[in-house]
Amino acid sequence: MLEVDNLQSGYGSIPILAGLSLAAADDEFVGILGHNGMGKTTLLRTLIGILPATGGRIVFDGQDVTRAPAHRRARAGMSYVPQGRGIFPGLTARENLLFASAAVGARPDGQLEEVLDEIPRLKDYLDRPGGALSGGEQQLLALARALVQRPRIVLLDEPTEGIQPSIIEEIVDRLKALKKRRGLTVVLVEQNVDVIRALSDRVLLIQKGTIVREFGAQALTDASAMGDFSAVER
């Protein structure tokens, strides 16, 4: 599904990713764990095409998309839920979903209903402006906006940041159900160890812009939740 080889990227003259390689198979949840400033968000922004790669290769579904613009990657089946959600606060929830659908040339009718069945909480908020929703509701809207594009892979950046526990549980449950129902592939950047352990098939540890370790999600410990990854680095 996704193959990344020796990927390099950064901001202007500041390099962040330093020859990073990873892979994600069909129907696989891959967690990315690491301290702040190690390149997690830069990785997702480079994979989706918001940041240009300065070296290496990104292959999605057998096609080299390293130089493809973000909108072409989206139309090919890649979707991105950014940190901070990135919804349009002045548009209603319904308009946010319709805009996302139109952006990839998808037919909104049946797909919108399908997504609302998968995230039913949003049905009560369709006519509210996105900016009037709570943080948790905005995160569910951001996830729904990604799903309405019928992606094959979703890149999720810190989906539980600043979210109340009840919504976190709902996000985890929705993602588990989506994996089973859609066969979705997800690359998940997350600081909440309980969430990444509950969802991930594999976890990759990123340090200084490169992957330094791979381990099973159950290898994560309570110490990892405090930012101490030494227990999984042995």
ask   = For the hydrophobic clusters of this structure (ILVMFWY residues joined by side-chain heavy atoms under 4.5 Å, transitively), does one cluster hold both I171 and I153?
value = no

ask   = Are any side-chain N or O atoms of E158 and backbone N or O atoms of Q191, one a donor and one an acceptor, separated by less than 3.5 Å?
value = yes

key: Test: D194 and R197 ion pair at under 4.0 Å   = yes

task = Measure from the side-chain N and O atoms of Q138 to the backbone N and O of L133, and report whether any donor-acceptor pair falls under 3.5 Å.
result = yes

ask   = Under the 3.5 angstrom rule, does the side chain of T46 hit a backbone N or O of T42 as a donor-acceptor pair?
value = yes

remark   = When every non-hydrogen atom of Q139 is compared with those of V81, the smallest separation belongs to NE2-CG1, 3.4 Å

message = Main chain of G34, side chain of K40: is a donor-acceptor contact present, judged purely on distance under 3.5 Å?
response = yes

Taking every non-hydrogen atom, the tightest pair across L17 and G39 = CD2-O, 3.6 Å

Where V203 and I196 come nearest, the two heavy atoms and their spacing = CG1-CD1, 4.5 Å

query = Roughly how far apart are L156 CG and L199 CG, rounded to 0.5 Å?
reply = 9.0 Å

inquiry  = Between V115 and L122, is the side chain to side chain contact (heavy atoms under 4.5 Å, CB included) condition met? List the steps.
reply    = CA-CA 9 Å; V115 169; L122 289 177; 5.7 Å; no

note = Taken in chain and number order and not counting sequence neighbours, the residues that satisfy salt bridge (Lys or Arg N to Asp or Glu O under 4.0 Å) with R94 are D127

ask   = Near R72 CZ, under 6.0 Å, is it more than 12 heavy atoms from other residues, nucleotides or ligands?
value = no

ask   = Between the main-chain N or O of F29 and the side-chain N or O of D201, is there a donor-acceptor pair closer than 3.5 Å?
value = yes

ask   = Is a donor on one side and an acceptor on the other found under 3.5 Å between the side chain of T160 and the backbone of I163?
value = no

remark   = Nearest heavy-atom contact between S21 and N6 is OG-N, 2.8 Å

inquiry  = Quick one about E161 and Q83 (side-chain donor to acceptor, distance below 3.5 Å, no hydrogens or angles considered), yes or no?
reply    = yes

remark   = For L147 and R182, the nearest pair of non-hydrogen atoms, with its separation, is O-NH1, 3.2 Å

query = Any donor and acceptor pair, going by atom type alone, linking the side chain of R202 with main-chain N or O of E214 inside 3.5 Å?
reply = no

Closest non-hydrogen atom pair between M78 and I48, with its separation = CB-CD1, 3.8 Å

key: Qualifying ring-ring contact (aromatic ring centres under 6.0 Å, His included) pairs with a residue from residues 42-101, counting only residues at least two apart or across chains   = F88-F99

